[in-house]
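Heads up: the structure comes next, in structure tokens.
Along the sequence shown, residues are numbered consecutively beginning with 1.
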Amino acid sequence: MSPSSATRPVPSRRWTTAAIACSIFVVALASFRWELSSEPRFMDEAAFLSQSYFWDLAISGRTNSPLWLEYPAYDLPPLPKYLIGASLQLHGIARTGRSWAIAWYRDPGEARFVTAESLQAARMPSLLLGALGCVAIFALGTLAVDRRVGLVAAGLLLVNPLYRLLSRRAMADVPAEALILCTLALALVIWKGCLNGRTTTARAIILSIAVGVLSGLAVLAKLNGGLALMTVAAWAGLGVLWSLFRPSAVGSPLTEFQLSGGTFVAGLCALSSFIVLNPFITAGPTMSAGSPLMAPAPPNQSMTERLSHVVRHRVDVSRHGQTSFPRDALRTTREKGKALLVQGFGRFGPFGPSHADSTRRYDWTQDRGALIWFPCVLAGLLWALVRGIRQTRAGEAPTSWALALQFLVSLLTVGMFLPLAWDRYFLPIQSSSALLVAGASVSTFDRIRKRAGYG
């Protein structure tokens, strides 16, 4: 038996892993689906439902319609609207028309077009992608350490009250997070293969195309989906440094080429996916739509100007939100850091309430879980750093460092951006925290078991 074949998972192990992944999906879906009708309607769900007509525009090929240049087309991300529209169609429910989108922007409390049946159908994409996100984090933990870590991480994400809540809402947050996790799971396959010298350049490039498409979909779901590609780029940098300082590593120059080339290909495919699937970027109708309320973009803008338009709009929305909701605004680095530490690891960690009260910035009843969760995450970060050193000394790809880097990228990005103390902004740090805690928990269990004489 060759060394390479000895390291490949045997078929029975692969089938077991696949069975566990399927079980996680079923359990997560059933958990999120449980008593879904009792979940109160959130205001932004009506906004996404009111724009489900974009699905009909896209599926019918009307990608040059002037409606793509109106405010709804660039205000809310397109992928959730496509998914909601598709789900409504599958359930035999008519999509809303443009008039309801205008009505909602005039009065965000408008919801006469929302029925119990349409809301249930609109929530299905978030339910499915929420369950898929649990499978993806299982894959990440399994690839980085073993199946036990993946299983614990999936369980922690499943019971996280914020992830559970947003998986039950017809919005963009969980679709984006699930696609981020799927992107990183596939990216870790490439990363490990390149660093261990067990993948060909052709395979790395082909998989990088898939990574790019997934990350493009994540951005199409919500702009913070860019965290996926940011993490991939950070992993590539880590891999190149590891290869440079490990001259004995297998095929170091090839590793650097595969990582840098794969990241470039992934970035190019992500941008291409975002452009192709978002007609706002490419539409050039001969006439614009008529409502001034819809603030249409000029039809003669270039694709670069349209991309800049989207980014500027999101920045302006955040700035406007700070003015409109001064009690929730986070303007200074100190305020952002405190909210990230207290709320991000408190009320939005696994020990937080099922529904948080955002009107109270710091609240012992909601945030006391941070006293347990934050030290656990720090212990997980320490575990990842120490295990990564051991992996490096053994000549293995430091997958634990990859998990630590994923956490740091999400933590720093959220901490720097964080405009308001709203629950959705804290979601990206929950999955990476769960992975670190899962790794530390399994490691601690193994040490206790060994000292007890069972190892």
Side-chain angles (χ1 to χ4, degrees), residues 14 17-34 36 39 48 77-87 90 120-144 147 149-189 207 210-222 224-229 231-232 270 273 277 403 406 410 424 427-435 438:
R14 289 178 177 175
T17 302
I20 294 174
C22 291
S23 299
I24 290 172
F25 182 85
V26 171
V27 170
L29 184 60
S31 175
F32 298 151
R33 181 68 178 80
W34 181 258
L36 182 64
E39 184 66 48
F48 279 98
L79 184 59
K81 295 184 288 192
Y82 297 161
L83 296 175
I84 289 171
S87 182
L90 287 172
Q120 289 278 94
R123 286 172 168 175
M124 283 307 300
S126 287
L127 289 173
L128 292 168
L129 283 168
L132 181 62
C134 291
V135 175
I137 200 173
F138 165 72
L140 270 169
T142 301
L143 288 164
R147 288 188 309 209
V149 171
L151 193 57
V152 173
L156 288 171
L157 190 63
L158 174 63
V159 301
N160 183 282
L162 179 58
Y163 188 83
R164 175 181 173 81
L165 173 66
L166 296 178
S167 293
R168 292 159 61 86
R169 284 181 177 172
M171 291 167 58
D173 305 282
V174 160
E177 183 66 18
L179 288 166
I180 289 173
L181 291 171
C182 290
T183 302
L184 296 182
L186 183 56
L188 192 58
V189 173
L207 291 179
V211 166
V213 172
L214 282 172
S215 60
L217 290 174
V219 178
L220 203 70
K222 194 175 181 182
N224 79 294
L227 273 170
L229 206 56
T231 304
V232 170
S273 301
L277 296 174
L403 297 184
Q406 176 191 352
S410 61
R424 70 193 74 171
L427 181 61
I429 67 171
Q430 305 307 325
S431 56
S432 54
S433 297
L435 282 164

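The nearest pair of heavy atoms linking A438 to L156 is N-CD1, 4.2 Å. Nearest approach of P77 to A221, heavy atoms of both residues: CG-O, 2.9 Å. Nearest heavy-atom pair, I137 versus A154, reported as atom, atom and distance to 0.1 Å: CG2-CA, 3.6 Å. Considering all non-hydrogen atoms of both residues, A185 and A136 come closest at CB-O, 4.0 Å. The two residues P428 and S431 make their nearest non-hydrogen contact at O-OG, 3.9 Å.
For the pair F48 and S126, the minimum side-chain heavy-atom distance is 4.5 Å or more. Looking at L403 and S432, their side chains never come closer than 4.5 Å, going by heavy atoms from C-beta outward. Using a 4.5 Å cut-off on side-chain heavy atoms (C-beta onward), V152 and V149 make no contact. Between Y163 and F32 there is a side-chain heavy-atom pair separated by less than 4.5 Å. Between P78 and L277 the shortest side-chain heavy-atom distance does not fall below 4.5 Å. Counting heavy atoms from C-beta outward, R424 and M171 have side chains that approach closer than 4.5 Å. Residues E39 and L165 have side chains in contact (heavy-atom distance under 4.5 Å, counting atoms from C-beta outward). Side-chain contact between L129 and L83 is present, with heavy atoms from C-beta onward closer than 4.5 Å.
Going from atom CG of L220 over to atom CG of L79 covers 5.0 Å, rounded to the nearest 0.5 Å. Put simply, CG on L229 and OG on S215 are 4.5 Å apart, with the number rounded to the nearest 0.5 Å. Taking CG of L435 as the reference point, atom CG of L157 lies at 8.5 Å (rounded to 0.5 Å). Rounded to the nearest 0.5 angstrom, R33 CZ and L127 CG are separated by 7.0 Å.
No donor-acceptor pair under 3.5 Å is formed between the side chain of R123 and the backbone N or O of R169. Formation of a donor-acceptor pair under 3.5 Å by the R147 side chain with backbone atoms of I20 is not found in this model. Proximity of a side-chain donor or acceptor of S87 to a complementary backbone N or O of A121 within less than 3.5 Å is detected.
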Stepwise side-chain contact (heavy atoms from CB on, under 4.5 Å) test for L151 and I24: CA-CA 8 Å; L151 193 57; I24 290 172; 3.8 Å; yes
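Considering L227, L188, I180, L181 as possible partners of Q406, the one that fulfils the side-chain contact (heavy atoms from CB on, under 4.5 Å) test is L181. Tested against L186 for a side-chain contact (heavy atoms from CB on, under 4.5 Å), the candidates V211, L140, V232, L143 yield a single pass: V211.
Looking only at atom types and distance, the side chain of S31 has a donor-acceptor partner in the side chain of R164 under 3.5 Å away.
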